[in-house]
Amino acid sequence: MANAREANMLVETSRHDRVLVATLNRTDALNAISAQVLADLDAVLTDAESDAGIGALVLTGAGGKAFAAGADISEFRGATAVEARAIAARGQTLTRRLERSRLPVIAAINGYALGGGCEIALACDIRLAAESARLGQPEVTLGIVPGWGGSQRLPAIVGAGVAREMILTGRHVGAQEALRIGLVNALHPSERLLEEAIELGNRIAALPPLAVAWAKELTVAATAGDLDARLERERDVFALTFATEDHVEGVSAFLEKRPGEFRGR
Ligand code: COA
């Protein structure tokens, strides 16, 4: 039976042999990642890591329309630069934790994975997607920049040229393009996506766990370099954008469902 904490969680979990599936469940906001969602994900990771019976984690989104359509933009409204730095720090901590976890983490991407949603997927070890997947870093369209590691991990995964174009335009890429540029590892029909992710997770979980954890650590290190210093710079720039008028306009325009008017101030 679910305990009180689980009953209030915006992230639901289910166990499938040695795989724990964590499902973002805030479908009324396309699974936008609020501070509470981040805290719930952190708690799920803590529980999963302390259970020796679990050998892999699958992250996905409820409702079929979105993996996650970004950080919760309503939490950006009125935030000071200092508060914005804390928002960036919270998301960076979770994404870094996913990378540092002993557990292999697989993202099962159904629908939108934008902004913070894309950044969480980028911190996973393997990304599987349905045809409905749409990934991107649309932050510039709001007058901000990626703040949960996207400016650093997207270039590492798809290469600097494609990443720069995606981040500077904010455009979404569809499933086929995501596969072509290496942003996702494989596509599956929507109705089979979760099943395939669980199967893959169980296949990895059946391998020697220490070798898997160390292999993960080595491959993460291959592209990490001075990642923590670069993430600190990303946090600072993210915070700086919150001191601009364009950020206020961008966030207001999104929430008021109108195009933004930007002045470079
Ligand atoms: N934060 C908060 N709320 C969000 C959200 C986010 N990142 N993304 C979507 N929502 C909410 C919408 O405000 C809307 O709420 P409402 O029904 O109370 O008005 C609801 O989710 C459905 O979204 P809507 O925009 O109406 O759906 P759509 O199908 O027309 O468009 C998207 C889908 C994903 C293209 C659009 O929601 C979008 O651009 N979202 C923001 C993406 C983004 O910039 N993310 C980066 C944030 S850093």
Side-chain angles (χ1 to χ4, degrees), residues 10-11 24-41 59-79 81 83-95 107 109-123 129-154 163 166-175 177-178 183 190 231 234-244 246-260 262:
L10 298 170
V11 180
L24 304 179
N25 191 359
R26 251 196 106 198
T27 50
D28 54 341
L30 299 182
N31 301 326
I33 305 158
S34 58
Q36 186 59 50
V37 173
L38 276 182
D40 288 355
L41 275 172
L59 295 186
T60 193
K65 267 196 83 178
F67 175 79
D72 188 335
I73 297 170
S74 65
E75 291 183 350
F76 292 176
R77 197 169 216 173
E83 287 159 350
R85 203 169 186 283
I87 291 172
R90 280 198 296 270
Q92 287 187 351
T93 301
L94 192 269
T95 46
I109 303 164
N110 40 349
Y112 294 108
L114 301 175
C118 188
E119 289 170 305
I120 285 183
L122 291 171
E131 282 290 345
S132 61
R134 292 190 70 76
L135 297 94
Q137 299 290 159
E139 286 85 354
V140 286
T141 65
L142 297 168
I144 62 173
V145 296
W148 293 358
S151 69
Q152 305 303 306
R153 292 191 184 96
L154 190 62
M166 283 177 65
I167 290 173
L168 296 188
T169 62
R171 83 177 168 93
H172 308 168
V173 303
E177 183 176 359
L183 182 50
S190 326
L231 289 174
E234 186 192 68
R235 276 198 304 278
D236 286 341
V237 176
F238 181 83
L240 184 61
T241 63
F242 277 63
T244 66
D246 284 349
H247 145 264
V248 176
E249 168 63 6
V251 168
S252 304
F254 174 78
L255 294 171
E256 292 158 17
K257 301 187 188 291
R258 59 173 176 81
F262 301 108

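Whatever order the structure lists them in is the order used to number ligands and atoms, beginning at 1.
Looking only at protein heavy atoms, the nearest one to atom 2 (C) of ligand 1 is D72 OD1, 3.3 Å. What sits closest to atom 43 (C) of ligand 1 on the protein, heavy atoms only, is P138 CG, 3.6 Å. Nearest to atom 25 (O) of ligand 1 among the protein's heavy atoms is K257 NZ, 4.3 Å. When only non-hydrogen protein atoms are considered, atom 39 (O) of ligand 1 lies nearest to F254 CE1, 3.7 Å. Protein heavy atom nearest atom 8 (N) of ligand 1, with residue, atom name and distance: A69 CB, 3.6 Å. Of the protein's non-hydrogen atoms, L30 CD1, 3.6 Å is the one closest to atom 23 (O) of ligand 1. Taking atom 4 (C) of ligand 1 as the reference point, the nearest protein heavy-atom neighbour is A29 O, 3.9 Å.
For atom 31 (O) of ligand 1, the nearest non-hydrogen atom from the set Y112, F238, W148 comes from Y112.
Here D28 has backbone heavy atoms under 4.0 Å from ligand 1, and that is the only part of it that gets that close. Only side-chain heavy atoms of A32 come within less than 4.0 Å of ligand 1; its backbone N, CA, C and O stay farther off.
Within the listing of ligand 1, atoms 34 (C), 42 (C) sit less than 4.0 angstrom from a heavy atom of L114. Taking a cut-off of under 4.0 Å to the non-hydrogen atoms of K65, the atoms of ligand 1 that pass are 29 (O).
Note: an N/O pair closer than 3.5 Å links I73 and ligand 1 by distance alone. For the pair A71 and ligand 1, the shortest N or O to N or O distance falls below 3.5 Å.
Of all heavy-atom pairs spanning Q137 and P146, the tightest one is NE2-CB, 3.9 Å. Minimum interatomic distance between F76 and F238 (heavy atoms only, all atoms of both residues): CZ-CZ, 4.1 Å. Contact record, R134 with G174: NH1-CA, 4.3 Å, taken as the closest heavy-atom pair.
Taking 4.5 Å as the limit, every side-chain heavy atom of I167 sits out of range of all side-chain heavy atoms of V145. N31 is listed as a side-chain neighbour of T27, based on a closest heavy-atom distance under 4.5 Å. You'll find the side chain of N110 stays beyond 4.5 Å of the side chain of S190, heavy atoms only. For the pair L24 and L41, the minimum side-chain heavy-atom distance is below 4.5 Å. The side-chain heavy atoms of R26 and D72, taken from C-beta on, include a pair separated by under 4.5 Å.
Under the 4.0 Å criterion applied to side-chain N and carboxylate O atoms, R77 and E256 are assigned as salt-bridge partners.
Residue Q137 places no heavy atom under 4.0 Å from ligand 1.
When distances from atom 19 (O) of ligand 1 to the protein are checked, a heavy atom turns up under 4.0 Å.
Judged by distance alone, the side chains of E234 and S151 do bring a donor and an acceptor atom under 3.5 Å apart.
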